[in-house]
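The structure displayed is predicted, hence computed values, not measured ones. This chain uses plain numbering: 1 for the first residue, then up along the sequence.
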Amino acid sequence: MLTLLRWYHTLSHTLDGRLQQAITSARDDADRGDISITTVIIWVAAVTGALLIAGTIGVVIAKYNGKLSGI
């Protein structure tokens, strides 16, 4: 039981040290890789365009579904 407690204490101490190191590193690092607003605008435009194209294809297929069934 004592060995398990020592292992747990060592593990918790190690994890605490690594967590504190990660917090300090994140605080000191000026460039955290934040996404720019330009990237967000481009992604929104691309997704919107893809949805519009897919919707248009769906409408055209629904409109001409009876005519296309003989092909």
> Just how far is it from atom OG1 of T14 to atom NE2 of H9, taken to the nearest 0.5 Å?
Replying inline: 9.0 Å
> Has Q20 got more than 12 heavy atoms of other residues, nucleotides or ligands less than 6.0 Å from its CD?
Replying inline: yes
> Taking ILVMFWY side chains as joined if any heavy atoms are under 4.5 angstrom apart, and letting links pass through other members, which residues group with L19?
Replying inline: I23
> With V44, which residues qualify under side-chain contact (heavy atoms from CB on, under 4.5 Å), at least two apart?
Replying inline: V40, T48
>> Run the side-chain hydrogen bond (donor to acceptor under 3.5 Å, both in side chains) test against T39 and tell me which residues pass, sequence neighbours left out.
In response: S36
>> Please enumerate all residues that pass side-chain contact (heavy atoms from CB on, under 4.5 Å) together with I41, with sequence neighbours excluded.
In response: I37
Please tabulate, for the side chains in residues 50-61, all donor-acceptor contacts under 3.5 angstrom to protein atoms that are two or more places apart in sequence or on a different chain.
from	atom 1	to	atom 2	distance (Å)
T56	OG1	L52	O	2.8

